[in-house]
Colleague: 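Input: one structure, supplied below.
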Amino acid sequence: MSGTLAKIAEIEAEMARTQKNKATAHHLGLLKARVAKLRRELITPKGGGGGGPGEGFDVAKTGDARIGFVGFPSVGKSTLLSNLAGVYSEVAAYEFTTLTTVPGVVRYKGAKIQLLDLPGIIEGAKDGKGRGRQVIAVARTCNLILIVLDVLKPLGHKKIIENELEGFGIRLNKKPPNIGFKKKDKGGINLTATCAQSELDNETVKSILAEYKIHNADVTLRSDATADDLIDVVEGNRVYIPCIYVLNKIDQISLEELDVIYKVPHCVPISAHHRWNFDDLLEKMWDYLRLVRIYTKPKGQLPDYTSPVVLPDSHTAVEDFCTKIHKNLIKEFKYALVWGSSVKHNPQKVGKDHVMEDEDVIQIVKK
C-alpha cells in the first residue's frame with residue numbers, strides 16, 4: 001500500500017514545485033493524470049485475498065433518497081443526526097439495527113429520506129487505510145452529502161474533507177464537464193474545441209490520453225475545460241453529488257457573524273444541540289435532493305396524499321413511476337389518468353412517456 005502512497009506524495013510534491021504557466025501546462029497535465037491513476041488503484045482493491053468476512057459495511061438502501069453526513073469527530077454530527085431523526089422520523093428510527101451506520105430515516109414532505117453517518121472518512125480513507133473503502137462505496141451512492149463543520153474553525157476542515165472526497169472521485173456541487181470523449185480503433189487523437197481553451201491544447205490532451213494508453217479517440221471540448229475535467233471524463237467513474245455545508249454550534253457566535261455566514265453559498269448555519277434552524281436545513285435538503293412527489297389515486301376513491309411515490313426529478317415519466325411500484329406493472333399498463341400541473345386537462349389520458357411534475361395525481365388503468 002505504502003508504495004502507491006509514496007508515489008502519490010512524490011508527484012504531488014513535484015506539482016507543488018512546478019510553476020504554472022503555458023510551458024509547464026503540458027507537464028502538469030501529465031502529472032495530474034498519473035495521480036488520478038494511482039488514486040484509482042487505491043480505491044479499487046487489487047484482486048486476491050479479500051478483507052475476509054466480518055467487514056460488513058453495506059447499508060441497505062431504503063427510502064427515496066439517501067443523505068450522507070461527513071465531518072470531523074466532535075463537530076456535533078451525532079447530535080445533529082439523532083435530533084433530526086428524532087424530530088422528524090417515526091418511532092422506529094431504526095429500521096434495521098444490525099447494520100453499521102444507519103442512524104435513521106426522516107419523513108419529510110411524505111418522502112422517506114435515509115440519513116447515514118459516514119464515519120472515518122477523514123482519517124486517510126482514500127489512501128486505502130482502515131474501513132475507508134467501504135465507507136467510500138457508500139458515500140458514492142448518496143444523493144446528497146452534508147458536510148458538518150464547526151462554525152469556529154470551518155475553513156480548515158472544509159478543505160480537508162473536500163480534498164478527501166475529491167480523491168474518491170466524488171465531485172461536490174459540480175456538473176459533469178461538457179466534454180465528448182469516444183475511443184476509436186484508429187485515426188489518432190482528434191481534438192475539436194467549440195470555444196476558446198485557456199488550459200488544454202492538442203499537446204496536453206495527447207499526453208494525458210497517452211498516460212492512459214489511449215492513442216485513438218475523438219475529444220470534443222464544449223466548454224473551457226481543465227486538465228482535471230478531461231481526466232474525470234476519461235476515468236469515467238466520477239459521481240456528481242450536491243452538497244450542503246452545515247455550520248454547527250452557532251450558539252457560540254455573534255449575530256453579525258451569523259449574517260456573514262448566511263451569505264456563503266451552499267451553507268446552512270444550525271445549532272444541533274438547541275435544534276435551531278432545522279426547518280431551514282430540511283428545506284434546503286429538499287431543494288438539493290430535487291425529488292418529485294406523485295400521489296396515487298385508486299379508481300373511485302380520493303387520492304392518497306399521505307404516502308406519495310417519490311421519484312428523482314430526472315426520471316419522472318409515467319413509465320418510471322410504474323417501474324418504481326412494480327417491475328411487471330408496465331407490462332399490464334394501458335394508459336394513465338393524470339391530474340396536476342403537467343397536463344392541460346384534468347384529468348388527462350396519457351401514455352407511458354408522459355413526464356409528470358411535483359404533486360401530480362395519477363391513476364393507472366391496466367389492460
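Index from 1, following the sequence.
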Colleague: For side-chain contact (heavy atoms from CB on, under 4.5 Å), just list the numbers for Glu12 and Leu31, CA-CA rounded to whole Å, side-chain angles, deciding distance to a tenth of an Å, and then say yes or no.
Modeller: CA-CA 8 Å; Glu12 282 181 338; Leu31 294 179; over 6 Å; no
Colleague: Please check this pair: side chain of Gln348 against backbone of His345, looking for a donor-acceptor N/O pair closer than 3.5 Å.
Modeller: yes
Colleague: Can you tell me how far the CG atom of Asn173 sits from the CD1 atom of Ile241, to the nearest 0.5 Å?
Modeller: 10.5 Å
Colleague: Got more than 12 heavy atoms from elsewhere within 6.0 Å of NZ, Lys349?
Modeller: no
Colleague: Kindly say whether Trp276 contributes a backbone atom to a donor-acceptor pair with the side chain of His274 at under 3.5 angstrom?
Modeller: no
Colleague: Output the distance between atom CG (Leu337) and atom NZ (Lys299), rounded to the nearest 0.5 Å.
Modeller: 9.0 Å
Colleague: Please determine, by modelled atom types, if Glu235 and Tyr212 share a side-chain donor-acceptor pair under 3.5 angstrom.
Modeller: yes
Colleague: Identify the heavy atoms of Thr204 and Gly29 that sit nearest to each other, and give their distance.
Modeller: CG2-CA, 4.4 Å
Colleague: Using modelled atom types only, decide if a donor and an acceptor are shared between the side chain of Asp320 and the backbone of Ala317 within a distance under 3.5 Å.
Modeller: yes
Colleague: Between Phe278 and Tyr108, is there a shared hydrophobic cluster once you connect ILVMFWY residues whose side-chain heavy atoms come closer than 4.5 Å?
Modeller: yes
Colleague: For the residue pair Asp224 / Ser198, report whether a side-chain donor-acceptor contact shorter than 3.5 Å exists.
Modeller: yes
Colleague: According to a hydrophobic-cluster definition based on side-chain heavy atoms being under 4.5 Å apart (Ile, Leu, Val, Met, Phe, Trp, Tyr only), do Leu191 and Ile208 belong together?
Modeller: yes
Colleague: Quick check against the 3.5 Å criterion: does Asn143 have a side-chain atom that pairs as donor or acceptor with the backbone of Ile67?
Modeller: no
Colleague: Run Phe69 and Leu115 through side-chain contact (heavy atoms from CB on, under 4.5 Å) and show every step you take.
Modeller: CA-CA 7 Å; Phe69 284 70; Leu115 304 177; 3.7 Å; yes
Colleague: Same cluster for Tyr305 and Trp286 if Ile/Leu/Val/Met/Phe/Trp/Tyr side chains link at under 4.5 Å?
Modeller: no
Colleague: How about Ile113 and Leu289: do any of their side-chain heavy atoms sit closer than 4.5 Å?
Modeller: yes
Colleague: Find out if a path of hydrophobic residues (ILVMFWY) with successive side-chain heavy-atom gaps under 4.5 Å connects Tyr335 to Val355.
Modeller: no
Colleague: Using the side-chain contact (heavy atoms from CB on, under 4.5 Å) rule, take Ile147 and Leu165 through it: C-alpha gap first, then chi angles, then the decisive distance, then the call.
Modeller: CA-CA 11 Å; Ile147 295 184; Leu165 291 172; 4.2 Å; yes
Colleague: Does Gly188 offer a backbone N or O that forms a donor-acceptor pair with the side chain of Asn216 under 3.5 Å?
Modeller: yes
Colleague: Mind checking whether Asp304 and Lys297 have side chains closer than 4.5 Å, heavy atoms only?
Modeller: no
Colleague: Can you list everything that forms a side chain to side chain contact (heavy atoms under 4.5 Å, CB included) with Phe181? Sequence neighbours excluded, please.
Modeller: Lys183, Leu209, Ile214, Ala217, Val219, Val233, Val234
Colleague: Is there side-chain contact between Leu281 and Val246, with at least one heavy-atom pair below 4.5 Å?
Modeller: yes
Colleague: For the hydrophobic clusters of this structure (ILVMFWY residues joined by side-chain heavy atoms under 4.5 Å, transitively), does one cluster hold both Val365 and Val361?
Modeller: yes
Colleague: Under the side-chain hydrogen bond (donor to acceptor under 3.5 Å, both in side chains) rule, collect the residues that match up with Thr220, sequence neighbours excluded.
Modeller: none
Colleague: Heavy atoms, side chains only, cut-off 4.5 Å: are Asn277 and Val268 in contact?
Modeller: yes
Colleague: So, for Ala33 and Ile231, which heavy atoms are closest and what is the spacing to 0.1 Å?
Modeller: N-CD1, 3.4 Å
Colleague: How long is the straight-line distance from CG of Leu311 back to CG of Leu291, given to the nearest 0.5 Å?
Modeller: 9.0 Å
Colleague: Can a donor-acceptor pair be found, under 3.5 Å and without considering hydrogens, that links the side chain of Asn248 to the backbone of Leu149?
Modeller: no
Colleague: Any heavy-atom pair between the side chains of Lys7 and Val35 that's under 4.5 Å?
Modeller: no
Colleague: Before you tell me yes or no, could you show the steps for Glu283 and Tyr288 under side chain to side chain donor-acceptor pair (under 3.5 Å), namely the whole-Å CA-CA distance, both residues' side-chain angles and the distance that decides it to 0.1 Å?
Modeller: CA-CA 9 Å; Glu283 198 42 57; Tyr288 278 56; over 6 Å; no
Colleague: Only one of Lys367, Lys366, Lys352 forms a salt bridge (charged side-chain N to carboxylate O under 4.0 Å, His left out) with Glu332, so which one is it?
Modeller: Lys366
Colleague: Quick one: does Glu166's side chain have a donor or acceptor within less than 3.5 Å of a partner on Glu162's backbone?
Modeller: no
Colleague: Say you draw a straight line from CD1 of Ile170 to OH of Tyr240; how long is it, rounded to the nearest 0.5 Å?
Modeller: 12.0 Å
Colleague: For the NE2 atom on His215, are there more than 12 heavy atoms of other groups (residues, nucleotides or ligands in this structure) within a distance under 6.0 Å?
Modeller: yes
Colleague: Does the side chain of Met356 come within less than 4.5 Å of Val292's, by heavy atoms?
Modeller: no
Colleague: Please evaluate residues Thr316 and Asp313 with respect to the criterion side chain to side chain donor-acceptor pair (under 3.5 Å), reporting the C-alpha separation (whole Å), side-chain torsions for both, the decisive distance (0.1 Å), and the verdict.
Modeller: CA-CA 6 Å; Thr316 58; Asp313 76 343; over 6 Å; no
Colleague: List the residues meeting side chain to side chain contact (heavy atoms under 4.5 Å, CB included) with Ala336, not counting sequence neighbours, and say none if there are none.
Modeller: Val318, Phe333, Val350, Ile362, Ile364
Colleague: If only atom types and distance count, is the side chain of Ser207 paired as donor or acceptor with the main-chain N or O of His27 below 3.5 Å?
Modeller: no
Colleague: Please report the interatomic distance CG(Leu172) to SG(Cys243), rounded to the nearest 0.5 Å.
Modeller: 4.5 Å
Colleague: Are Thr296 and Val309 side-chain neighbours, meaning at least one heavy-atom pair lies under 4.5 Å?
Modeller: yes
Colleague: Identify whether the distance between the nearest side-chain nitrogen and carboxylate oxygen of Asp228 and Lys32 falls below 4.0 Å.
Modeller: yes
Colleague: Checking Asp360 now: which residues fulfil side-chain hydrogen bond (donor to acceptor under 3.5 Å, both in side chains) with it, not counting sequence neighbours?
Modeller: Ser342
Colleague: Would you say that Thr192 contacts Leu221 through its side chain, given a criterion of any heavy-atom pair below 4.5 Å between the two side chains?
Modeller: no
Colleague: Okay, side chain of Lys206, backbone of Ala210: is any donor-acceptor separation there less than 3.5 Å?
Modeller: no
Colleague: Once side-chain hydrogen bond (donor to acceptor under 3.5 Å, both in side chains) is applied, do any residues pair with Asp232, and if so which ones, sequence neighbours excluded?
Modeller: Arg171, Arg238
Colleague: Taking Lys324 for the side chain and Val310 for the main chain, is one N or O donor matched with an acceptor at less than 3.5 Å?
Modeller: yes
Colleague: Using every non-hydrogen atom in the two residues, find where Tyr245 and Pro265 come nearest and quote the distance to one decimal.
Modeller: CD1-O, 4.3 Å
Colleague: To the nearest 0.5 Å, tell me how far Ile8 CD1 sits from Leu38 CG.
Modeller: 5.0 Å
Colleague: Give the intermediate values and the outcome of side-chain contact (heavy atoms from CB on, under 4.5 Å) for residues Ile294 and Glu357.
Modeller: CA-CA 8 Å; Ile294 307 291; Glu357 285 169 22; over 6 Å; no
Colleague: Against Asp358, only a single residue in Arg290, Arg293, Lys109 fulfils side-chain hydrogen bond (donor to acceptor under 3.5 Å, both in side chains); can you say which?
Modeller: Arg293
Colleague: For Thr226, what residues pass the side-chain hydrogen bond (donor to acceptor under 3.5 Å, both in side chains) criterion, not counting sequence neighbours?
Modeller: Asp229
